[in-house]
Amino acid sequence: MLMLLALCAGVVAGGPGGMSSAQAQTLRWASQGDPQTMDPHSQNESQTNGMNAQVYERLTSRDRQLNIVPGLATEWTQVSATVWRFKLRPNVKFHDGTAFTADDVVFSLQRAKAPSSQIAVYANAVGTARKLDELTVEITQPRFDPIFLQHLDLIFIMSKSWSEQHKVTKPLSFKDNEESFASFNANGTGPFMLVRRQPGIRATYKRNPNWWGRFEGNVQEVEFTPIANDATRLAALVSGEVDLLLDPSPRDVPRLRATPGIQIVEGVENRLVFVGMDQARDTLVYGKTANGKNPFQDLRVRQALYQAIDIEAIRKRLMNGLSQPTGGLTPSPLGAYEDPALETRLPFDLAAARKLMSDAGYGDGFEVTFDCPNNRYVNDEGICLALASMWAQIKIKVKVNAMPRVLYFPKLERYETSLYLLGWGGAITDAETIFTPVYRNEDRASGAGAYNYGRSRNAKFDQLAAASSSEADPAKREQLIKAALAEYRAQLNVLPLHRQVIPWATRQGVKVVHRADNWLEYAWITLPK
């Protein structure tokens, strides 16, 4: 089962938007990465989403245990198998003072479907919204969606009038290096207002005095600073320059546990970290082979890479125990119904890996570039370097090409890769959260396979996964999901590594809520007086 540790805020605000009984405070926090954009539909990346979620809200929201709760909608009714009706929260204002209405919901769901939106796959599954009155919206799905509310919870609501005024009615295309007014500015209904965004330097927020919700902490202002270097980030916490680190290096966690004035809050994240490979092109574009072919199209080569991975060495030496090795293919084991047969790994076996390489005609190896982020996942660059060393044992010469996430993800979106590291997860534990966007065959019309950067094609899996996406009978759906996972595991279309254990480090007395989606809610944080 997932471990979810929470330190709940103990100070309650005096009322909606009101000042806390504690003294007004500024939260100063840091992370190795930086939000990619303030456009809430352009990029689907956890830290970007998490920071945008302080400003923008959804019709639904999540509580501490990740349960769906009311957000901008106060209630909803399933009218039929494919039709839902939502009553919107009255008297809600955007940060610019304009009223929130059904028009904004209809606009936002449509905007999220644009080709430049990285959440189009979810918006397409949700369906089409129509206004019944100023505070009532009806949404019709294209087909039955067993996790409709989970998908809806991924779509932020923007102001239609603000978007029109600033010419941002479509999401910016991040992979094409587009910028817009929404890159640096935001106008939501949420608990905090964006004051200023300086990419790579700082992002500042202030409390929204007119928020409809209830503040449970005492944070009035927020200063976020991206600090790429692990040692510099740690020093900033220990010296008191920042109050919270979202991602201390695993090697520093034992030291931090023993440091007076510092506390560690941790839990397993709903996130699978895995290796993807180009299986679409017949030649190895970012590498070199003696026969000119793409070795990743051969199952034996994919299995050789898998069995050359000493996952326990990565867990112990690199991750300092802060990972859970798995052969599973879902962000949470709950997605595979906690079936142990779907979680087992192939054994680490160099002899078997070498034989597989020889049988496939690559006994002398090949060369390949391994693209990797250096500020997104826990020890991401270190993982890539470790894997490169392990694959050298089967004569694969790997060049690790590490880069910041702001460059990395657009590169993958353009399919400019042969071998890459990726992580996938969030609040949804159902297998659908990774099946359709990440593993399915690419289908630009629906958005399926939008994150299948290796462009693998597995017809049997695709058929099973597609059927599970619209199956209403829970027992039948479970069997479809398990069969789909078994097929994908058999073909090794990706190589699973582990699920991250996420430690947060804070100054003593800082009270936070650590959720399994690694989501930092400013409104729940209490700082010491």
Side-chain angles (χ1 to χ4, degrees), residues 1-2 44 66-68 78 81-82 119 121-122 124-127 141-154 268-274 276 279 302 306 324-346 422-443 446-452 454 456-499 516-517:
M1 293 291 290
L2 291 174
N44 182 26
L66 298 180
N67 298 311
I68 295 281
Q78 188 171 8
T82 57
I119 59 169
V121 62
Y122 309 119
N124 287 331
V126 165
Q141 306 165 59
R143 62 183 181 278
F144 176 77
D145 180 357
I147 60 167
F148 168 78
L149 289 175
Q150 308 271 353
H151 281 148
L152 186 67
D153 190 62
L154 298 168
V268 178
E269 186 184 16
N270 294 337
R271 183 169 304 280
L272 178 71
V273 178
F274 60 90
Q279 292 152 69
R302 300 197 297 270
Y306 193 135
Q324 290 189 346
T326 184
L329 293 170
T330 54
S332 162
L334 294 171
Y337 299 90
E338 297 188 285
D339 185 338
L342 296 172
E343 289 285 313
T344 56
R345 286 187 63 83
L346 291 177
L422 193 64
W424 196 263
I428 304 175
T429 58
D430 191 277
E432 172 63 19
T433 196
I434 198 168
F435 271 12
T436 296
V438 183
Y439 296 155
R440 288 274 308 276
N441 297 348
E442 184 185 22
D443 178 8
S446 69
Y451 301 87
N452 182 354
S456 62
R457 297 193 69 84
N458 184 324
K460 183 178 179 181
F461 165 80
D462 198 72
Q463 183 179 16
L464 290 164
S468 75
S469 297
S470 57
E471 177 56 60
D473 184 292
K476 291 180 181 179
R477 185 165 185 265
E478 178 178 343
Q479 293 309 308
L480 287 168
I481 287 173
K482 287 183 175 181
L485 288 169
E487 168 62 20
Y488 212 75
R489 280 166 53 87
Q491 293 302 313
L492 302 178
N493 296 121
V494 300
L495 311 180
L497 298 175
H498 57 239
R499 297 187 179 98
D517 58 351

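Residue indices begin at 1 and follow the sequence shown. Since the model is a prediction, treat every value here as computed from it, not as a measurement.
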For D443 and S446, test the side chains for any donor-to-acceptor distance below 3.5 angstrom and give the result as yes or no.
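There is such a pair between these side chains.
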Between N493 and N458, do the side chains contain an N or O donor and an N or O acceptor separated by less than 3.5 Å?
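Side chains of N493 and N458: pair found under 3.5 Å.
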Heavy-atom pair with the smallest gap, counting every atom of [X] and [Y]:
X    : Y    : result
A431 : G335 : CB-O, 3.5 Å
D473 : K476 : OD1-N, 3.0 Å
S468 : P146 : O-CG, 3.8 Å
V121 : P437 : CG1-CB, 4.1 Å
F144 : A472 : CE2-CA, 3.4 Å

Would F274 and L495 count as a side-chain contact (heavy atoms from CB on, under 4.5 Å) if you check the C-alpha gap in whole Å, the side-chain angles of each, and the deciding distance to 0.1 Å?
CA-CA 5 Å; F274 60 90; L495 311 180; 5.9 Å; no
How long is the span from the [atom1] atom in [X] to the [atom2] atom in [Y], to the nearest 0.5 Å?
X    : Y    : atom1 : atom2 : answer
I481 : S469 : CD1   : OG    : 8.0 Å
D339 : K482 : CG    : NZ    : 4.5 Å
L485 : L329 : CG    : CG    : 6.0 Å
S456 : R440 : OG    : CZ    : 11.5 Å
I68  : D153 : CD1   : CG    : 4.0 Å
N124 : I119 : CG    : CD1   : 10.0 Å

Hey, does [Y] have a side-chain heavy atom less than 4.5 Å from the side chain of [X]?
X    : Y    : result
H498 : Q324 : no
P331 : I434 : yes
H151 : E432 : yes
L346 : Y306 : yes

Looking at [Y], is its backbone amide N or carbonyl O close enough to the side chain of [X] to form a donor-acceptor pair, meaning the two atoms are under 3.5 Å apart?
X    : Y    : result
R302 : L492 : yes
R345 : P496 : yes
N452 : E442 : no
R489 : L342 : yes
E269 : R271 : no
N270 : G426 : yes

R499/E343 ion pair, N-O < 4.0 Å
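Yes, charged N to carboxylate O under 4.0 Å.
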In terms of ring plane angle, is the pair Y488 and F461 parallel, tilted or perpendicular, where the classes change at 30° and 60°?
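Tilted.
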Could you go through the side-chain contact (heavy atoms from CB on, under 4.5 Å) check for Y451 and Y439 one step at a time?
CA-CA 8 Å; Y451 301 87; Y439 296 155; over 6 Å; no
Among N44, I428, T433, side-chain contact (heavy atoms from CB on, under 4.5 Å) partner for L154
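Passing option: I428.
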Kindly indicate, with the supporting measurements, whether the criterion side-chain contact (heavy atoms from CB on, under 4.5 Å) is fulfilled by L149 and I147.
CA-CA 6 Å; L149 289 175; I147 60 167; over 6 Å; no
